[in-house]
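Chain identifiers are assigned alphabetically (A, B, ...) following the order of the sequence lines, protein sequences preceding nucleic acid strands; residue numbering begins at 1 within each chain.
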There are 2 protein chains.
Amino acid sequence: MKTTRLENRRTNPDFLNGVPELVLLKLLDRRPMHGYELVRSIKRETGDALAFGEGCVYPVLHKLESQGLLESRATTVRGRERYVYHVTPSGRTKLKRSAQEWTEIARAIQTLLQGGNDDTPVAST
Amino acid sequence: MKTTRLENRRTNPDFLNGVPELVLLKLLDRRPMHGYELVRSIKRETGDALAFGEGCVYPVLHKLESQGLLESRATTVRGRERYVYHVTPSGRTKLKRSAQEWTEIARAIQTLLQGGNDDTPVAST
DNA sequence: CCTTATACCTGATAGTTCTAGGTATCACCA
DNA sequence: TGGTGATACCTAGAACTATCAGGTATAAGG
């Protein structure tokens, strides 16, 4: 349970990894869903750019719930159990922060990638 | 050595993780550098948005060299050894492909994040 | 001579994601 | 009645990354 403070982090946040977490939070913030539905939703909504399997989605759901960022309601539809997850207030806070950090990092990388070979006279050592 | 074909991949590429690899290739494509210089360069050029330590950079450099994507030249400056890395032609090819995939994924995520709560009537099962 | 900065490197650990399984219910069809 | 496929959930094990925390060695400055 790393204390992820923006100020005193000396390392990169989890955003190079934590993309599934971010995506789940965002999709569930749009509308509550159950796990199986999420798996298909991710593929559909990203045009197959992202495809997280069940083995990725379910553990993340459980982790987020245990952290109080998600809550689930068990419903039984046609004999099948469904756990419909929705974002809690603190989950929404987390989502906002995460989305912002992701955007920041993505922009930094994008800027790097777009810059051609530079001839900026860097006073190297 | 997974065969990372765009067509028949059923999973996500390494880009959720392989950011250091991408960044190193890009920076070295701009101008050859040695490892220690890279570490500082990443922080500086991304405005501290990214900060990969030596423990991350050196292994990646070695991996990329062993894959023929980088080559190094040993030089001795003021008694200190330096291994200056530069990108090979196949490294440049890899860089282009990687950068493109990253952009694609980043755009997909960004689109997700920007979309507000949607009311699209999804004919849910 | 001792500390700091440069420059390189690695081992152990922690964390994430993927693969590949597993269970159970229902709908459909023969 | 029995089989198959879709739905819906779950987990263990493996693989991979990146970090942390160390290590070596040279040169410069006090």
Side-chain angles (χ1 to χ4, degrees), chain A residues 1-4 8-24 32-43 50-67 70 72-85 98 105 124-125, chain B residues 1-4 9-24 32-43 50-67 70 72-85 98 105 123-125:
Chain A
M1 208 68 63
K2 281 173 296 185
T3 51
T4 315
N8 60 348
R9 70 177 163 83
R10 61 236 160 296
T11 169
N12 303 293
D14 289 339
F15 292 86
L16 308 174
N17 311 335
V19 173
E21 183 177 309
L22 176 59
V23 169
L24 293 198
M33 281 188 270
H34 60 275
Y36 199 73
E37 196 180 358
L38 267 168
V39 171
R40 288 174 308 183
S41 199
I42 292 169
K43 288 183 66 175
L50 293 179
F52 299 116
E54 302 174 32
C56 173
V57 167
Y58 284 115
V60 173
L61 283 176
H62 301 157
K63 190 190 72 176
L64 292 178
E65 186 171 26
S66 80
Q67 291 175 346
L70 292 182
S72 65
R73 251 187 298 255
T75 59
T76 303
V77 180
R78 288 191 299 269
R80 289 193 207 92
E81 264 198 340
R82 280 181 179 176
Y83 292 94
V84 177
Y85 290 86
S98 297
I105 287 182
S124 57
T125 321
Chain B
M1 208 68 60
K2 283 172 295 184
T3 50
T4 312
R9 72 178 161 84
R10 61 236 159 297
T11 173
N12 304 294
D14 289 339
F15 293 84
L16 307 174
N17 310 333
V19 173
E21 183 177 307
L22 175 59
V23 169
L24 291 199
M33 281 187 272
H34 61 275
Y36 197 74
E37 195 179 0
L38 266 169
V39 172
R40 289 174 306 185
S41 199
I42 291 170
K43 288 183 66 175
L50 293 179
F52 299 115
E54 302 173 30
C56 173
V57 167
Y58 284 115
V60 174
L61 283 175
H62 301 156
K63 191 189 73 177
L64 292 177
E65 185 170 29
S66 80
Q67 291 174 347
L70 293 181
S72 64
R73 251 188 298 257
T75 60
T76 303
V77 179
R78 287 193 297 269
R80 292 193 207 93
E81 263 198 340
R82 278 182 180 177
Y83 293 93
V84 176
Y85 291 86
S98 297
I105 287 182
S124 58
T125 319

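In this structure A/Pro32 satisfies the side chain to side chain contact (heavy atoms under 4.5 Å, CB included) test together with A/Val84, A/His86, sequence neighbours excluded.
Within the structure, a side-chain polar atom (N or O) of B/Arg40 is placed less than 4.0 Å from OP1 or OP2 of C/dA7. OP1 or OP2 of D/dC9 lies within a sub-4.0 Å distance of a side-chain N or O belonging to A/Tyr58. Considering only side-chain N and O atoms, B/His62 lies nowhere under 4.0 angstrom from the phosphate OP1 or OP2 of C/dC8.
Atom CG of residue B/Leu50 and atom SG of residue B/Cys56 lie 10.0 Å apart, to the nearest 0.5 angstrom. How far OH of B/Tyr85 is from NE2 of B/His34: 11.0 Å, rounded to the nearest 0.5 Å.
When the C1' atom of C/dC8 is taken as reference, atom CG of B/Leu61 falls 11 Å away, rounded to whole Å. The nearest whole Å value for the distance from the CD atom in B/Glu21 to the P atom in D/dT17 is 8 Å. In this structure, B/Tyr36 atom OH and D/dA25 atom C1' are separated by 13 Å, rounded to whole Å. To the nearest angstrom, C1' of C/dC18 lies 15 Å from CG of A/Leu50. When the P atom of D/dC16 is taken as reference, atom NZ of B/Lys63 falls 10 Å away, rounded to whole Å. Taking atom CE of A/Met33 as the reference point, atom P of D/dT7 lies 16 Å away to the nearest angstrom. Distance, B/Phe52 CZ to D/dC20 C1': 16 Å, rounded to whole Å. Between the CD atom of B/Glu65 and the C1' atom of C/dC8 there is a distance of 14 Å, given to the nearest Å.
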I'd like a list of close polar pairs between nucleotides 20-27 of chain C and the protein, N/O only, cut-off under 3.5 Å.
unit_1	atom_1	unit_2	atom_2	d
C/dT25	O2	A/Arg80	NE	3.3

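In the set D/dC9, D/dC10, D/dT19, the nucleotide with an atom closest to the side chain of B/Cys56 is D/dT19. The side chain of A/Pro59 sits closest to D/dT11 out of D/dT11, D/dC10, C/dA7.
Sequence neighbours left out, the pairs with a member in residues 55-65 of chain B that pass side chain to side chain donor-acceptor pair (under 3.5 Å) are B/Glu21-B/Lys63, B/Glu65-B/Ser72.
Residues B/Val19 and B/Phe52 have side chains in contact (heavy-atom distance under 4.5 Å, counting atoms from C-beta outward).
In terms of heavy-atom proximity, B/Gly35 sits nearest to B/Leu61 at CA-CD1, 3.8 Å.
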**Request:** Kindly determine whether A/Leu70 and A/Leu24 satisfy side chain to side chain contact (heavy atoms under 4.5 Å, CB included), including the steps that lead there.
**Result:** CA-CA 10 Å; A/Leu70 292 182; A/Leu24 293 198; 5.7 Å; no

